[in-house]
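What follows is a set of notes on a single structure, which appears directly below.
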Amino acid sequence: MATEQSRSREVALDAAAADSRALRAALGETGAWRARAESLARTLVEATLDSRAPLFDVQRAFAIFPPESPAGESLFRLAEALPRIPDRPSRTAMLADRVPALRGWKAVAALPFAGLAMDAIGRQFVYAETIAGALRRAGRDASAGPATRFSFDMLGEGARTDADADRNFRRYMGAIRAMGQAVGARGAIWRERLEISVKLSSIHPRYDAASYAQVRGELLDRLKQISGRAAAAGIGLTIDAEESERLSLQVDLFEALSADPALDSWGGLGLAVQAYQPRALETVDALLEIAGRRRKRGGMPIAVRLVKGAYWDAEVKRAQELGLERYPVFPDKRLTDLSYLACARRLTGLDSVRPQFATHNPVTLACVLALADRLGGASAAPARFECQRLHGMGRGLYRTLAAMHPDLPVGTYAPVGEKRELFAYLVRRLLENSASASYVRQAARAKRPDDLLRTGFAFLDAGLSPRDLPSPTELHMPQRRIAKGYDLGDSATLAAWAKSVDEARRAWTAGSLVSGVRRPGPARPAVSPARPDVTIGEVSDATLDTARSAIDAAYAARTAWSAVSVPERAAALERLSDLLEADMAGLMALCVWEAGKTLVDAMADVREAVDFCRYYAQQAREGLGRPMELPGPAGERNVLTLHGRGVFACISPWNFPVAIFTGQVAAALVAGNTVVAKPAEQAALTAYRIAELILKAGVPPGVFHLLCGNGGIGRALVADPRVAGIAFTGSTDTARAIQRTLADREGPIVPLIAETGGLNAMIVDSSALPEQVVDAVVASAFRSAGQRCSSLRVLYLQHEIAPAVLDMLRGAMAALRIGDPADPATDVGPVIDGQARGKLAEYISDLRSRAELIAESGPVPPAGTYIAPVAFEIGSIREVPGERFGPILHVARFALEDLDRVVDDISATGYGLTMGVHTRVDSRAERIRARSAVGNLYVNRSMIGAVVGEQPFGGEGLSGTGPKAGGPNYLVRFTTERVFTVNTAAAGGDIGLLTGRMADAGT
Ligand SMILES: Cc1cc2nc3c(=O)[nH]c(=O)nc-3n(C[C@H](O)[C@H](O)[C@H](O)COP(=O)(O)OP(=O)(O)OC[C@H]3O[C@@H](n4cnc5c(N)ncnc54)[C@H](O)[C@@H]3O)c2cc1C
């Protein structure tokens, strides 16, 4: 493992070195401008250390309230949430939470002052609340600086619904109209000084790779309307850069826009490029081509705003969650800086592009200026490019720059909107500035300019040293590699996987495997839930004789397998994990066609199986392989060891056909048991494929057996007294039936490890952010068509925010696409079969008669066992008769004073699997945690997608017996404990005691 880790570190270092070499080559010779850059940088750095900044200047605020200090964290968390909380009790609670000195009446008394302070922070970042106010303010600021320009950013979250997108579109159009009127009325002042920044995610709810083919036309149409109006108004427009998976879509739309001859005479068209992406240089090259074509046919230059990028931490987190091979952003700040300059070099001195260098880093700015001087000649440079800052940041730096270069155009990115819309923007600013490598953060801590200059120029000087940031799949090294994943948010990757999965489809067959030999049995066709008219394979079910012979063989092999060393058993699991990883497309195809899983869910299922194998292998090596020496009196040795119990029956469901099947079997095997596995009838094809891989991984044929078949085969397994333990995942009713059979059985009393259902609730108070809530609700309730045991069933909303959240939920549900799971654009696939659909449809019609319909998605395809996601309003969870395994959401409202009763009602159902809480009041989350009894509680996120080793999964009460799958206590339940005691005194006394070693050891 350690060598594997160092190998992958070397690979990462090699990649970083290659990036660095390519960027250095693109940057070219630096000697000619370096000295000038250094002297300029010194002046500019000193300007940033000027202590006369206003109190809420970001850099100053960070110096006084470092973001990692409790005061800093409190300040920024209050600024994020307080302005949007509607009710006083929640505002007071949040204030008291963040400022412990303000308890009770003191918090109430302090609330108005806190409000004023938050306003001050908001004002620091928000230029004006309305476009009219922004124009008034800009008018004043423009007269102070003749080269000042403004890019207005209409604040707000990305659109979740068509209604959001329509509203944002109208806001852009309205703002441009107002800006056009300003230009018309006072052209002499405003000409070429006004611009609007547009986020594509705000004008369409489905600006993503999966939907792109369908929505490209709509997006382009909107963009053309906005651009046409901006061109007519005589203002500029820049398309902001967003998350990395949207880069290719952004460039594609920009290319289409710039190809429109109607816009050729408009010099205001532009877009932002993020230098922190390894794809930055190639993006710049693509833009130069686009710009060159436009110029060639007589069009105006395009503007390229070069930024470093604002989503670094989110990109890193996402890459780690997805297990990507490499990060979509540079992992080293010096590479970001180098990339910025290499891109600047490419963009400078051309007549087809007008670069806009957006940065608050004085070293970056100095390098850009020195480089441009060198390339364009000192006098030509200022006219050809522009420098840009964000409102509220870089004030001292840009003041000094203006004094040095009065003619250099300087743009201010000026957010316009109400304070309650500030969230996303503020969080981005806070996170980017909190990063220890960011200039603002370093300047807030720096004592001397020399330190800042040395760090600032490190990107040109320093060699690459090992990075602190492990590559995404190395996150848990040296213990284990995490499963490799791929970014299905990226259009090219998604298209490639859709193709591979399609190509992996074949006429599958499955049957029982006893001692590695396929056994005949009654055959049945397997059909896809998405297309019940299409037969996808054939399954031969086990007979009772086959079941008996599987148990015979497993029983015969149990002692020998238990004697195989733990490292050998763990190695088999690791080989299996590699085989599963290598067969990703084949297994995904099975998940899609047999279980109706979407591509994203299918990939997650395979990855989880890979993680289970590696995690249990690691756990076994650490926990099972080493005898535990126990203390005892002098002259005695006590050793505890763990052993396989014998034959384990693993009975798995269809909803995670790869992960749960593999997880159970892997745990049982590595703990030293032989296994007879019985997957759900609906998932036999997938299980058979995994069974082949288990044998291929080197698990002896006598040790693992597969039985295809229905509940009758399961019952026969459970009833056999030679079966020494059962791992079961499925319904609570079946778990009970298993328990009864076990109780009635002759022979040893054996463990049952059961993971069953849940009646899972999410509690949302008024401090939560509605957009985050709706994202989490839609994912939790409807992903996998609601067929996860962790799925959300009952959403509790605090009265004050219920109407707004429900409005947004209606819009988000209307945007869901239900259909063929093999189609990359599908959000919700079918439910597993006709029987399941029939029961769900019956329940929905019952709800229609007694509850109020909130929303229903649709349409659903005519063939296939589809149920459209649906939400009903009810009074409380007490009205829900039990788990309904499908995309049905119940919503109830609650008053804050009834919070404890809500939690008690949830507990009273007897289930205890997952729960979600959305609140910014930490003490409230804690109160709910302390009062509830659930296996997995998630705060401010979705409540599905537990990760092996990070969120061990499983419930209590009616939801399961524990221990948790993917957790540190799981394997032990598959073992039996033995203690070995030796009276060493009987064989000549205790040497330790006689030589004084024991006494020494105690001191
Ligand atoms: C006018 C203007 C418009 C903007 N528009 C956009 C936009 O459309 N889209 C967008 O994404 N951003 C935009 N930004 C924000 C911008 O991307 C930067 O986040 C911000 O300007 C800070 O960069 P800097 O050069 O000022 O500071 P610096 O402190 O020199 O650099 C900070 C940058 O380094 C990156 N970084 C931090 N740590 C590391 C690390 N360990 N490895 C690699 N990189 C690291 C950060 O993510 C950040 O990008 C805009 C900024 C301005 C001024």
Side-chain angles (χ1 to χ4, degrees), residues 16 19-20 41 44-45 48 58-59 62 125 127 149-153 195-202 237-244 246-247 250 270-278 280 303-316 327-341 343-344 355-368 386-395 397-398 409-415 424-425 427-444 452 455-459 464 467-469:
D19 285 336
S20 170
L44 295 175
V45 163
T48 64
V58 177
Q59 192 174 309
F62 278 7
F125 288 101
Y127 195 66
R149 299 168 177 200
F150 300 90
S151 190
F152 293 128
D153 162 52
E195 185 188 285
I196 189 144
S197 287
V198 174
K199 280 195 176 43
L200 294 176
S201 62
S202 70
L237 175 149
T238 298
I239 300 176
D240 277 353
E242 301 186 63
E243 294 83 356
S244 62
R246 287 171 159 154
L247 174 65
Q250 183 207 21
L271 95 170
V273 174
Q274 294 157 327
Y276 67 11
Q277 289 205 41
V304 177
R305 177 201 294 156
L306 188 60
V307 302
K308 288 182 189 165
Y311 305 83
W312 191 81
D313 58 302
E315 297 282 1
V316 167
Y327 290 104
V329 291
F330 287 119
D332 188 318
K333 167 74 160 62
R334 292 165 303 181
L335 287 174
T336 299
D337 289 343
L338 184 57
S339 167
Y340 191 95
L341 226 54
C343 293
Q356 301 168 332
F357 298 115
T359 177
H360 310 115
N361 184 326
V363 174
T364 306
L365 200 53
C367 289
V368 167
E386 176 178 325
C387 292
Q388 295 189 341
R389 71 180 187 100
L390 298 174
H391 168 68
M393 294 182 61
R395 195 187 302 237
L397 173 67
Y398 275 79
V410 170
T412 298
Y413 186 94
Y425 182 80
V427 166
R428 265 200 307 284
R429 296 290 79 86
L430 293 177
L431 287 175
E432 95 192 5
N433 289 309
S434 315
S436 57
S438 92
Y439 179 80
V440 170
R441 188 81 187 88
Q442 287 177 349
L452 285 167
T455 329
F457 278 98
F459 75 100
L464 285 160
R467 301 151 311 122
D468 292 336
L469 193 63

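Quick note: residue numbers are just sequence positions, from 1. Atoms within each ligand, like the ligands themselves, are counted from 1 in listed order.
- The contact set between ligand 1 and Thr359, taken as ligand atoms under 4.0 Å from a residue heavy atom, comprises 24 (P), 25 (O), 26 (O).
- Taking every non-hydrogen atom of Ala358 and a distance limit under 4.0 Å, the qualifying atoms of ligand 1 come out as 1 (C), 2 (C), 52 (C), 53 (C).
- Atoms CZ and OG1, from Phe150 and Thr412 in turn, are 5.5 Å apart once rounded to the nearest 0.5 Å.
- Although no hydrogens or angles enter the test, the distance criterion places no donor-acceptor pair under 3.5 Å between the side chain of Gln356 and the main chain of Leu271.
- Judged as a side chain to side chain donor-acceptor pair (under 3.5 Å), and not counting sequence neighbours, Arg389 has no contacts.
- Which parts of ligand 1 touch Tyr439 is read off a 4.0 Å heavy-atom cut-off, strictly below it: atoms 28 (P), 29 (O).
- Within the 4.5 Å cutoff, side-chain heavy atoms of Ser197 are placed close to those of Arg305.
- The shortest N or O to N or O distance between Glu242 and ligand 1 is not below 3.5 Å.
- Residue Tyr413 places no N or O, backbone or side chain, under 3.5 Å from any N or O of ligand 1.
- Selection from Ala437, Ala443, Pro331 by nearest heavy atom to atom 38 (N) of ligand 1 gives Ala437.
- In summary, the atoms of ligand 1 found under 4.0 Å from a heavy atom of Ala272, numbered by their order in the structure, are 8 (O).
- Under 3.5 Å, the side chains of Tyr439 and Thr48 contain a donor-acceptor pair of N or O atoms.
- With ligand atoms numbered from 1 in the order given, ligand 1 contributes 40 (C), 42 (N), 43 (C) to contacts under 4.0 Å with heavy atoms of Asp332.
- Some N or O of Thr336 is nearer than 3.5 Å to an N or O of ligand 1, by distance alone.
- Remark: among candidates Ala241, Ala310, Pro362, the nearest residue to atom 9 (N) of ligand 1 is Ala241, based on non-hydrogen atoms.
- By the 3.5 Å distance cut-off applied to N or O atoms, Gln274 is counted among the residues near ligand 1.
- Close N/O approach between Arg305 and ligand 1 is found [any backbone or side-chain N/O within under 3.5 Å].
- Contacts with ligand 1 closer than 4.0 Å are made by side-chain heavy atoms of Tyr311 only, the backbone lying farther away.
- Neither the backbone nor the side chain of Gln356 has any atom closer than 4.0 Å to an atom of ligand 1 (non-hydrogen atoms only).
- By the 30° and 60° cut-offs, the orientation of the rings of Tyr127 relative to Phe152 is tilted.
- Remark: Lys199 pairs with Asp240, Tyr413 by the side chain to side chain donor-acceptor pair (under 3.5 Å) rule, at least two apart or across chains.
- Put simply, the side chain of Tyr327 never gets that close to the backbone of Glu315: no donor and acceptor are under 3.5 Å apart.
- Those atoms of ligand 1 that come under 4.0 Å of a heavy atom in Ser438, given as number and element, are 29 (O).
- The contact set between ligand 1 and Asp240, taken as ligand atoms under 4.0 Å from a residue heavy atom, comprises 8 (O).
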